[in-house]
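We count residues from 1, following the sequence as given.
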Amino acid sequence: MNSNILIENLIEGNESAYAYIMDEYYTRLCIYAQGLTKDKFKAEDIVQNVFFKVWHKRKKLSFDISIKNYLYKAVYNEFIDQYRRSRIMSPLEEEHIKHLNSIVEEQDYTEINRLIEVVKKEISNLPPKCKTIFTMAKLEGLTYNEIAEHQNISVRTVENQMYKAFEIIRQKVGDKMEGILFLLFKLNPKTNY
């Protein structure tokens with residue numbers, strides 16, 4: 001298929017064009033990403049993120065790009081972004097582990113399970129916009145800028161909604177919130193609400 005026609009169809013939201021691109025490039029991009037990450041699952045995650053972003057940013061694509069070059073560059077950029085996030089997260093994860101250790105030392109497992117259930121309930125009861133933003137940040141690991149872009153809102157709105165979510169949860173769990181959130185989202189990232 002001609003690259004310009006493919007991009008034109010993609011910009012117009014043609015799902016067949018999107019499916020064609022996925023069929024044509026998914027496996028090759030996964031192999032390329034695995035060469036970068038040395039991890040099959042991270043590689044697949046990177047490629048899936050790239051395809052997700054391509055679809056959501058399709059209207060910003062330029063007609064004169066090579067779709068192949070664009071995808072390979074996007075995979076490389078996603079790899080770099082994830083690497084930077086993991087480097088930035090290390091001190092933060094250490095802080096969460098410290099909170100988690102304090103919870104484990106002070107509480108029995110029945111109490112920890114009770115607090116986890118309280119947090120799950122509070123998350124599921126958050127106002128819809130607040131819940132969406134909170135789960136994008138905590139479950140999907142998106143940055144505030146990425147959430148703002150996906151939701152077509154300002155970063156300030158994302159910050160306000162996250163603050164609101166944390167305050168609602170903190171009212172129910174107190175200073176144990178950090179450790180409980182770490183248990184839910186870092187040790188069990190596939191938690192559903």
Engineer: Considering non-hydrogen atoms only, spot the tightest contact between N14 and W55 and give its length.
Structural biologist: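 Closest pair (atom of N14, atom of W55, distance): O-CZ3, 4.1 Å.
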Engineer: In terms of heavy-atom contacts, does OH of Y76 have more than 12 from other residues, nucleotides or ligands at under 6.0 Å?
Structural biologist: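 Open: at most 12 neighbouring heavy atoms sit under 6.0 Å from OH of Y76.
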Engineer: Search all heavy atoms of I7 against all heavy atoms of S62 and return the closest pair with its distance.
Structural biologist: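 Closest approach of I7 to S62: CG2-O, 3.6 Å.
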Engineer: State the OG1-CG distance between T135 and L126, to the nearest 0.5 angstrom.
Structural biologist: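 The distance works out to 9.0 Å.
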Engineer: Given side chain to side chain contact (heavy atoms under 4.5 Å, CB included), test M162 with I133 step by step and report yes or no.
Structural biologist: CA-CA 7 Å; M162 288 298 290; I133 290 169; 4.0 Å; yes
Engineer: Once you round to the nearest 0.5 Å, how far does CE of M22 lie from OG1 of T27?
Structural biologist: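 That separation rounds to 9.5 Å.
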Engineer: Nearest 0.5 Å, what's the CG-CD distance between L29 and E78?
Structural biologist: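 Atom-to-atom, L29:CG and E78:CD are 12.0 Å apart.
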Engineer: Hey, would you say the F134 and F166 ring centroids sit under 6.0 Å apart?
Structural biologist: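 Between F134 and F166, the centre distance is under 6.0 Å.
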Engineer: Does the side chain of E146 come within less than 4.5 Å of M136's, by heavy atoms?
Structural biologist: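 Answer no - side chains too far apart.
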Engineer: Tell me the closest heavy-atom pair linking K131 and S124, and the distance in Å.
Structural biologist: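 For K131 and S124, the tightest heavy-atom pair comes out as NZ-O, 3.8 Å.
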Engineer: Quick check for you: to the nearest 0.5 Å, what is the distance between N49 atom CG and Q82 atom CD?
Structural biologist: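 Output value for this atom pair is 5.5 Å.
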Engineer: Between L61 and K57, is there a side-chain heavy-atom distance shorter than 4.5 Å?
Structural biologist: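 No - every pair of side-chain heavy atoms lies 4.5 Å or more apart.
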Engineer: Between atom CD of Q34 and atom CD1 of I46, what is the distance when rounded to the nearest 0.5 Å?
Structural biologist: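 Spacing of CD (Q34) from CD1 (I46) equals 10.5 Å.
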Engineer: Are the side chains of I153 and Q161 in touch, meaning some heavy atoms are under 4.5 Å apart?
Structural biologist: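 No. Closest side-chain heavy atoms not under 4.5 Å.
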Engineer: Are any side-chain N or O atoms of S154 and backbone N or O atoms of T157, one a donor and one an acceptor, separated by less than 3.5 Å?
Structural biologist: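 Here the side-chain-to-backbone pair exists.
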Engineer: Side chains of V75 and L71: does their closest heavy-atom pair fall under 4.5 Å?
Structural biologist: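 A side-chain contact under 4.5 Å is absent here.
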Engineer: For E122, check salt bridge (charged side-chain N to carboxylate O under 4.0 Å, His left out) against everything at least two apart and list the hits.
Structural biologist: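 Partners of E122 under the salt bridge (charged side-chain N to carboxylate O under 4.0 Å, His left out) test: none.
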Engineer: Please say yes or no: joined through hydrophobic side-chain contacts below 4.5 Å, possibly via intermediate residues, are I147 and Y163 part of one cluster?
Structural biologist: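 Each belongs to a different hydrophobic cluster.
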Engineer: Do you know which two heavy atoms are closest between I11 and K59, and how far apart they sit?
Structural biologist: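 The pair with the smallest heavy-atom distance is O-CG, 3.9 Å.
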Engineer: Heavy-atom count around K53 NZ within 6.0 Å, excluding the residue itself: above 12?
Structural biologist: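 Yes, enclosed.
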Engineer: Could you report the tightest heavy-atom contact between G35 and K38, atom names first, then the distance?
Structural biologist: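 What the structure gives for the nearest pair is O-NZ, 2.5 Å.
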Engineer: In terms of heavy-atom contacts, does CD of E12 have more than 12 from other residues, nucleotides or ligands at under 6.0 Å?
Structural biologist: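 Atom CD in E12 is packed in, count exceeds 12.
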Engineer: For F51, does its backbone N or O pair with a side-chain atom of Y18 as donor and acceptor, under 3.5 Å?
Structural biologist: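 Answer holds: yes.
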Engineer: Where do P127 and I168 come nearest, in terms of heavy atoms and distance?
Structural biologist: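 It is CD-CD1, 4.2 Å.
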Engineer: Report yes if the side chains of V47 and Y25 come closer than 4.5 Å at any heavy-atom pair, otherwise no.
Structural biologist: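 V47 vs Y25: side chains apart.
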Engineer: Are any of the side-chain nitrogens in K164 or E167 under 4.0 Å away from the carboxylate oxygens of its partner?
Structural biologist: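 Not counted as a salt bridge, because no side-chain N and carboxylate O are separated by less than 4.0 Å.
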Engineer: Between T143 and N145, is the side chain to side chain donor-acceptor pair (under 3.5 Å) condition met? List the steps.
Structural biologist: CA-CA 5 Å; T143 65; N145 286 335; 5.2 Å; no
Engineer: When rounded to the nearest 0.5 angstrom, what is the spacing between CG in L6 and NZ in K68?
Structural biologist: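 Result: 14.0 Å between the selected atoms.
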Engineer: For residues 26-35, pull every pair meeting salt bridge (charged side-chain N to carboxylate O under 4.0 Å, His left out), keeping only residues two or more places apart or in separate chains.
Structural biologist: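 Found E24-R28.
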Engineer: Flag the pair L10 / I21 as yes when at least one side-chain heavy-atom distance between them is below 4.5 Å, and no otherwise.
Structural biologist: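 Yes, at least one pair of side-chain atoms sits under 4.5 Å.
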Engineer: F52 and Y26: same hydrophobic cluster, using ILVMFWY side-chain contacts below 4.5 Å?
Structural biologist: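 Result: no, two separate clusters.
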Engineer: Do N9 side-chain atoms and I5 backbone N/O form a donor-acceptor pair below 3.5 Å?
Structural biologist: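 Side chain of N9 to backbone of I5, a donor-acceptor pair under 3.5 Å: yes, one is there.
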